Amino acid sequence: MQNKPIMGQLSHASGPTDVALIEQTIDTNFKHAVRNWPDREAIVVRHQNIRWNYRELDQQIERVARGLLAAGIEHGDRVALWSPNRVEWVLIQYATARIGAIMVCVNPAYRPVELGYVLKQSGARMIAAAPAFKTSDYKAQVAQVRQEIPTLTHAVFFGEQSWDELLAGGESIDAQAITDRAAALDNNDPINIQYTSGTTGLPKGATLTHRNILNNGYFVAEGCGYTHEDRVCIPVPLYHCFGMVMGNLGSTSHGACMVFPDEAFEPGSVLATVAEERCTSLYGVPTMFIAELNHPDFKTFDLSSLRTGIMAGSTCPVEVMKQVIEHMHMDDVTICYGMTETSPVSTQTGADDSLEQRTSSVGRVHPHVEIRIADPDTNETVARGQSGEFQTRGYSVMQGYWQEPEKTAAAIDADGWMHTGDVAVMDDAGYVDITGRIKDLIIRGGENISPREIEEYLFTCEDVEDVQVVGVPDQKYGEQVCAFVRAAVNSTPTEQSIKDFCRDRIAHFKIPHYVLFADDFPMTVTGKIQKFKLREIACKKLNLH
Ligand code: AMP
């Protein structure tokens, strides 16, 4: 694929269009794989001892789709999914797509405050969940918030009676009912809501259509050169686009095999899976690759089946990319850059790019996508080599934030450009480098965190009079959460009491790693808190660089 010629010398580029966009629903596209490769392995879930070919996977999806129909799930109803990586996750994803229900991805690390919010905001009718994950009792937490959600009529838990009943209910539904429902679907229908942490407090539900995510998954996989012979190791969480779009849809649109090493990331099980399943591709955020490379038994695993993979989610250090190429056999590894709101990928490096371009840029514009770098003050496209805000336009841009027209309008301008809040530079050849963020966001090990959301939560603590949250550098996770607390009068909160206030109520990754106390915060003359100064103060006090 050739990129179109540079438009003048401005930081504006359009992706190749020689391969057409897919104008199908997710299920029509999946059925295509079932017809073409019925006997090829479609899914391996190591921790559940599951290994199904495309025909078997299709049958299992059909059972769940019929169960959902029997439960009265209508076209456009929201079905929330709260689970670590398991086979049921994949079944719900493709079954909801088959019957046109909108799947709402719930972060497995969420706790009741966040769970209640997303179920209510999305108006979920059903929640399908694992009974528990690690120390988190999902059943108890669903019970805790259930009465606050008037729309929620069904809760089913994998491996329990409620799940069996859902499947049994489907036995009364015939194939025609599913065919009739499928005929009513349109590939521009929303099919997925993914809650993302932006800069403004509570998570927002990025609403994505079949067309958005099927095409993005397909073109990401094209960028990795997938065929039906590929076996893709997916240790990244499914609730995020990296897993369910770049992993699942990328694989099934090519008849490749999805291989899940574990419920959640564990470097040893990833390495063992790659070796024993002969995976050809491996995904991860940078911290995952670092953990794999540093595993004490790294050298004992045979990774020679690997050819490609994807590193994405936060800045990918050049050195880590080089090590992955050199020590993990991932000669064709690519870097992707994007965000949930753009399905997610906007740029990707190519196997043919030079080592320098492949390790120190996020690549060039994706097929059928338009990107530009704009001056954040004037919104004019800047010249090549100058920095500005990265913006994306095209098929991949979400429909909007679920029932939040004002927030949608603030993110996608009248000309259709999604403003990412990332600072980038485009070189003469169209390669993009992400150099920073204008948005006030913390990225800890690939997990986006809204400082405002943590501040709002800590404001509900009576020992806290005021609080400011910033990200500080961290060798392992890239960034860590640091809270500056001003204590309420006659209160003496401690680092521990603040952490205790968060524990089991909000997701573990949002709990401040550092808690510092301050009487005042640095302000501008207009009274705006200078977070960059707070960050400097924190680094000094904590001796971080
Ligand atoms: P999410 O919506 O969770 O996918 O997060 C999107 C954000 O992650 C982007 O706006 C970037 O700030 C960051 N990000 C994703 N991929 C990369 C990458 N390859 N390099 C640098 N930052 C990235």
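One-based numbering, in listed order, for ligands and for the atoms of each. Bear in mind the structure is a predicted one, so any value in this text is a computation, not a measurement.
- Which parts of ligand 1 touch V362 is read off a 4.0 Å heavy-atom cut-off, strictly below it: atoms 19 (N), 20 (N).
- Side-chain contact between Y110 and P108 is absent, with no heavy atoms from C-beta onward closer than 4.5 Å.
- The residue from S361, G478, C336 that puts a heavy atom closest to atom 19 (N) of ligand 1 is C336.
- Heavy-atom separations between H240 and ligand 1 include at least one value shorter than 4.0 Å.
- For the residue pair N85 / Y239, no side-chain donor-acceptor distance below 3.5 Å is found, with atom types taken as modelled.
- Regarding atom 23 (C) of ligand 1, its nearest protein heavy-atom neighbour is S314 CA, 3.7 Å.
- When the options F265, F289, F242 are evaluated for a ring pair (Phe, Tyr, Trp, His ring centres under 6.0 Å) with Y283, the one that passes is F242.
- Remark: ligand 1 atoms within the under-4.0 Å shell around heavy atoms of I443 are 8 (O), 12 (O), 13 (C).
- Contact annotation: the side chain of M330 approaches that of L282 to within less than 4.5 Å [non-hydrogen atoms, C-beta and beyond].
- Contacts of P344 with ligand 1, taken as heavy-atom pairs under 4.0 Å, are absent altogether.
- Compare D422, T349, V285 by their heavy atoms: the one nearest to atom 9 (C) of ligand 1 is in D422.
- Using a distance-only test at 3.5 Å, with no hydrogens or angles considered, no donor-acceptor pair links the side chain of N192 to the main chain of T207.
- Side-chain atoms of Q348 do not come within 3.5 Å of backbone N or O of C336 as any donor-acceptor pair.
- The aromatic ring centres of H368 and F219 sit less than 6.0 Å apart.
- Contacts of M311 with ligand 1, taken as heavy-atom pairs under 4.0 Å, are absent altogether.
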Run the numbers on F390 and H419 for ring-ring contact (aromatic ring centres under 6.0 Å, His included), then give the verdict. CA-CA 7 Å; F390 187 100; H419 291 235; over 10 Å; no

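- At least one heavy atom of G338 sits closer than 4.0 Å to an atom of ligand 1.
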Kindly determine whether E456 and R452 satisfy salt bridge (Lys or Arg N to Asp or Glu O under 4.0 Å), including the steps that lead there. CA-CA 6 Å; E456 300 279 1; R452 176 81 185 280; 2.8 Å; yes

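- With a 4.0 Å cut-off on non-hydrogen atoms, L441 does not touch ligand 1 at all.
- Among protein heavy atoms, the minimum distance from atom 16 (N) of ligand 1 is reached at G313 N, 3.2 Å.
- The protein atom (non-hydrogen) at minimum distance from atom 2 (O) of ligand 1 is T340 OG1, 2.7 Å.
- By the 4.0 Å heavy-atom criterion, T315 is counted among the residues contacting ligand 1.
- Residue N448 places at least one N or O, backbone or side chain, under 3.5 Å from an N or O of ligand 1.
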